[in-house]
Amino acid sequence: SQQGEEDPQALSIQEGENATMNCSYKTSINNLQWYRQNSGRGLVHLILIRSNEREKHSGRLRVTLDTSKKSSSLLITASRAADTASYFCATDAFGGGNKLTFGTGTQLKVEL
Amino acid sequence: DGGITQSPKYLFRKEGQNVTLSCEQNLNHDAMYWYRQDPGQGLRLIYYSQIVNDFQKGDIAEGYSVSREKKESFPLTVTSAQKNPTAFYLCASSSGQGGYGYTFGSGTRLTVV
């Protein structure tokens with residue numbers, strides 16, 4: 001089963017613009033994580049936000065979490081061509097034993 | 001350097017054959033996971049193990065088997081019972097404690113020929 005649904009499925013922006021992608025999920029969670037995947041590669045962990053947190057920053061990344069709406073957003077500011085990748089949200093469900101359920105992903109393309 | 005290694009990078013399987021994908025980590029992580037990724041899709045959990053000599057089925061375990069005899073190793077066997085095995089397989093590990101992210105390997109692309 002896939003807990004998360006990302007929106008949009010694909011996003012194309014110009015370098016220097018901000019990119020926002022959203023994730024919705026279905027059950028109560030301990031935390032929500034965002035990962036990045038370059039084409040044909042493994043996933044890289046970007047940021048984790050706990051269920052009692054509302055916002056978190058890491059470099060050019062900003063993540064928000066709204067547990068009442070069961071949704072999260074990832075903002076990448078001042079995007080670069082090197083940010084071109086797929087981005088996945090993943091949820092650690094409450095009582096789920098620390099196994100992650102991944103969403104369907106957003107394909108981001110940053111053009112020069 | 002600490003990390004997680006998957007091998008081989010590419011694997012070709014004939015119909016009716018079993019194949020084994022290797023996953024090794026030197027991060028001293030307790031938990032290990034196998035995911036399957038189909039083109040343009042998210043990841044689906046096949047099996048996971050939170051401690052040596054113990055593992056649990058994920059959402060799509062049918063046609064797959066695993067073992068966890070050593071903390072560092074979590075091999076995945078794709079059996080002939082798996083009717084549609086062509087996919088990208090990703091192994092991951094974590095400390096097993098809540099609140100930490102996963103470390104992923106670089107994946108194995110399995111193709112049935």
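The shown structure was predicted, so the numbers you read here are calculated from the model rather than taken from an experiment. Letters A, B, ... are given to chains in the order of the sequence lines, protein chains preceding strands, and every chain is numbered from 1.
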How many angstroms lie between atom [atom1] of [X] and atom [atom2] of [Y], to the nearest 0.5 angstrom?
{"X": "A/F102", "Y": "B/R44", "atom1": "CZ", "atom2": "CZ", "result": "14.0 Å"}
{"X": "A/L100", "Y": "B/Y48", "atom1": "CG", "atom2": "OH", "result": "11.5 Å"}
{"X": "B/Q41", "Y": "A/S86", "atom1": "CD", "atom2": "OG", "result": "12.0 Å"}
{"X": "B/Y102", "Y": "A/D92", "atom1": "OH", "atom2": "CG", "result": "7.0 Å"}

Tell me, side chain or backbone of [X] under 4.5 Å from chain A's heavy atoms, or both, or neither?
{"X": "B/T103", "answer": "neither"}
{"X": "B/Y35", "answer": "side chain"}
{"X": "B/Q50", "answer": "side chain"}
{"X": "B/Q6", "answer": "neither"}

Within residues 54-68 of chain A, which residues come under 4.5 Å of chain B, heavy atom to heavy atom?
none
Residues in residues 32-45 of chain A near chain B [non-hydrogen atoms, under 4.5 Å]:
A/Q33, A/Y35, A/Q37, A/G40, A/R41, A/G42, A/L43, A/H45
Keeping to residues at least two apart or across chains, list the side chain to side chain donor-acceptor pair (under 3.5 Å) pairs with something in residues 11-23 of chain A.
A/S12-A/E111
Non-hydrogen atoms of chain B under 4.5 Å away: do they reach the side chain of A/N31, the backbone, both or neither?
side chain
Under a 4.5 Å heavy-atom cut-off, does chain B meet the side chain of A/I47, its backbone, both or neither?
neither
According to a hydrophobic-cluster definition based on side-chain heavy atoms being under 4.5 Å apart (Ile, Leu, Val, Met, Phe, Trp, Tyr only), do [X] and [Y] belong together?
{"X": "B/L76", "Y": "B/V52", "result": "no"}
{"X": "A/L48", "Y": "A/Y25", "result": "no"}
{"X": "B/I60", "Y": "B/M32", "result": "yes"}
{"X": "B/F74", "Y": "B/L11", "result": "yes"}
{"X": "A/L11", "Y": "A/V110", "result": "yes"}

What pairs with A/N52 under side chain to side chain donor-acceptor pair (under 3.5 Å), at least two apart in sequence or on another chain?
none
Should we say atom [atom1] of [X] is surrounded by more than 12 heavy atoms from elsewhere, each under 6.0 Å from it?
{"X": "A/Q9", "atom1": "CD", "answer": "no"}
{"X": "A/Q107", "atom1": "CD", "answer": "no"}
{"X": "B/Q56", "atom1": "CD", "answer": "yes"}

